[in-house]
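Everything on this sheet refers to the single structure shown next.
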Amino acid sequence: MTGEPQADCLFCKIVAKEVPATVVRESETTLAFRDINPQAPTHVLVIPKVHHPDAASLAAAEPAIAADVLREAGEVAVQEGLDSYRTVFNTGSGAGQTVFHAHAHVLGGRGLQWPPG
Ligand code: AMP
Ligand code: ZN
């Protein structure tokens with residue numbers, strides 16, 4: 001059931017501490033940790049502790065937790081000393097989504113192209 005931990009989900013395993021991660025922030029509802037394959041000097045993932053497959057599903061089911069993810073993304077940027085940063089939600093494999101547990105990428109510390117690729 002959506003919202004419940006999924007046995008085959010990497011990010012649920014990180015929430016459960018069954019897989020290690022470099023955690024930079026934690027709240028009651030969210031976890032923020034460094035991306036294992038960083039695309040910028042700062043590349044942190046902010047995830048809800050509950051399982052939803054993508055950001056829109058999270059927002060539809062648990063809007064307060066979606067707001068927590070956005071707020072925590074901003075707090076990560078403050079903590080990392082970023083004046084400018086980009087928050088990305090890839091949705092669907094065609095957009096590069098590889099982990100189907102909602103997550104925000106927080107990217108910064110270098111110039112970021114617009115429009116993105
Ligand atoms: P996405 O491609 O948008 O689904 O983002 C998934 C992200 O998770 C990618 O940027 C991966 O580099 C990252 N990732 C995969 N495995 C791990 C891990 N064990 N710890 C931290 N980040 C990971
Ligand atoms: Zn999950």
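Order of listing sets the numbers, starting from 1, for every ligand and every atom in it.
- Any N or O atom pair closer than 3.5 Å counts here, and Val99 shares at least one such pair with ligand 1.
- No salt bridge links Lys49 with Glu28; every basic N to acidic carboxylate O contact stays at or beyond 4.0 Å.
- Scanning the protein heavy atoms around atom 4 (O) of ligand 1, the nearest turns out to be Thr98 N, 2.7 Å.
- The residue Phe89 has no part lying near ligand 1, judged by heavy-atom distances below 4.0 Å.
- Nearest non-hydrogen protein atom to atom 7 (C) of ligand 1 is Asp35 OD2, 3.5 Å.
- Taking all heavy atoms of Ala104, Gly96, Ala102 into account, the minimum distance to atom 2 (O) of ligand 1 is reached by Gly96.
- With rounding to the nearest 0.5 angstrom, the CD1 atom of Ile65 is 12.5 Å from the CD atom of Glu72.
- Nearest N/O/S atom of His101 with respect to the Zn ion (ligand 2) is recorded as ND1.
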query: Does the side chain to side chain donor-acceptor pair (under 3.5 Å) test come out yes or no for His51 and Glu4, once each step is laid out?
result: CA-CA 6 Å; His51 179 94; Glu4 298 299 317; over 6 Å; no
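- Pairs passing the side chain to side chain donor-acceptor pair (under 3.5 Å) check and including a residue from residues 107-117, sequence neighbours excluded, do not occur.
- Note on Glu80 versus Arg25: no salt bridge recorded, every NZ/NE/NH1/NH2 to OD/OE distance being 4.0 Å or above.
- Atom 23 (C) of ligand 1 has its closest protein heavy atom at Ile36 CG2, 3.5 Å.
- In the vicinity of Asn90, heavy-atom distances shorter than 4.0 Å reach the ligand 1 atoms 3 (O).
- At the Zn ion (ligand 2), the angle from SG in Cys12 to ND1 in His51 is 110° when rounded to 10°.
- Protein heavy atom in closest approach to atom 5 (O) of ligand 1: His103 NE2, 2.9 Å.
- Residues Phe89 and Leu70 are in side-chain contact: their nearest non-hydrogen atoms beyond the backbone lie under 4.5 Å apart.
- From Leu107, atom CG reaches atom NE2 of His43 across 4.5 Å, with rounding to the nearest 0.5 Å.
- For ligand 1, the atoms closer than 4.0 angstrom to any heavy atom of Arg34 are 21 (C).
- Heavy-atom proximity to atom 15 (C) of ligand 1, evaluated over Asn37, Val44, Leu10, is greatest for Leu10.
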